[in-house]
Amino acid sequence: MAKKDKYLVGLDLGSTKTCMLVAEMDGEQVRFVALGAAESKGLRKGLIVNLDSTVSSIRRAAEEAEGVANVPIESAVIGVAGSHVRGVNSRGGVSLGNRARDVERDDMRRAIDTARNIALPDDREIVHILPQEFLVDAQEGIRDPIGMVGQRLEANVHIVTSSVSATQNLVTAANKAGILINDTVLEPLASAEACLAQDEKEMGCCLLDIGGGSTDLVVYAGGVVRHSGTVAIGGDHFTNDLAVGLRTPIPEAEKIKHLHGCASSQFLREDGAIEIASVGIVRHARFSLAI
Ligand SMILES: Nc1ncnc2c1ncn2[C@@H]1O[C@H](COP(=O)(O)OP(=O)(O)OP(=O)(O)O)[C@@H](O)[C@H]1O
Ligand SMILES: [Mg+2]
């Protein structure tokens, strides 16, 4: 294996920062090697709004990651997320013939193929087809139907689609920064692979990736993805509300959020008075912050 083939590179283009992660394949193990991160101002809710700024942000993140990993980065897997991504559940099925017979791997593939036949507008493409369960002669809840006997095999799948142009723009930005894109992955799905234990997926849980411009989510139950989606609200909306409500500059509002923000009122300090810089005025005002 050539040295560079040992490395896996992930590229996450966010509304606030671009991240490039380098990992090394060590047999079955994947080992973290380097992270490059750069401020990003070229994206909003997963869509590129400024190509040049996105390209330069990718270059800076790549340079940092290359410096630490000490390998040239030529290609990467890119994350897709945001308002242009949708998830739907679908079912498809195939006949196994007039007489019951064993289900084979090819039957599974054909059943999944029929399930992916959803009406898709020209401007949308499939990112993932995630099998949920199989049904043999209407018996539900089968994870692996190979070898089971029946006359009809059906597949339930979760299909993730994205806007062709939005995804192509991400790929173009990476290409302009000198990086080829090998594949695309739904970002919260990649986060779930990293953060969730198999037990949690089995019992059922929702993974939220709260970003700057949007919140992406996947819902697991019975070990498989049941739902994926996006809420068009992220951390920056809270920063902006603070900036407007307290008449303070955005960087100051961001600082206040980090230092004093809390999700539950029981964690608020008794004396919630804090000092805040006002817009255009050097002096500091005192506000009592109760969110
Ligand atoms: N310690 C913290 N407390 C509260 N909010 C935080 C903290 N650290 C970061 N944030 C917020 O998280 C958001 C950035 O998250 P993240 O880096 O995941 O976004 P992104 O991936 O760039 O954006 P997106 O996924 O929406 O395109 C910002 O709104 C930032 O203010
Ligand atoms: Mg993000």
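When a residue number appears, it is its place in the shown sequence, counting from 1. Just follow the structure's listing: the first ligand is 1, and inside any ligand the first atom is 1. Any value given below was found using the heavy atoms of this structure, including those in side chains, with hydrogens, waters and symmetry copies removed.
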Sorted by chain and number, sequence neighbours left out, side chain to side chain contact (heavy atoms under 4.5 Å, CB included) with Ser40 holds for Thr18, Leu43, Ser57
Applying side chain to side chain contact (heavy atoms under 4.5 Å, CB included) to Leu186 and not counting sequence neighbours gives Val85, His128, Val160, Pro188, Leu189, Val218, Ser228
Using heavy atoms and a strict 4.0 Å limit, residues surrounding ligand 1 turn out to be Gly14, Ser15, Thr16, Lys17, Ile210, Gly211, Gly212, Gly213, Ser214, Gly235, Asp236, Glu254, Lys257, His258
Applied to residues 21-32, the side-chain hydrogen bond (donor to acceptor under 3.5 Å, both in side chains) test, sequence neighbours excluded, yields Lys6-Glu24, Glu24-Arg31
Is there a donor-acceptor contact under 3.5 Å linking the side chains of Thr161 and Arg124?
yes
Rounding to 0.5 Å, atoms CG (Asp216) and CG (Leu208) come to a distance of 9.5 Å
Query raised in the report: Is Lys201 paired with Glu193 through a side-chain N to carboxylate O contact shorter than 4.0 Å?
Result: yes
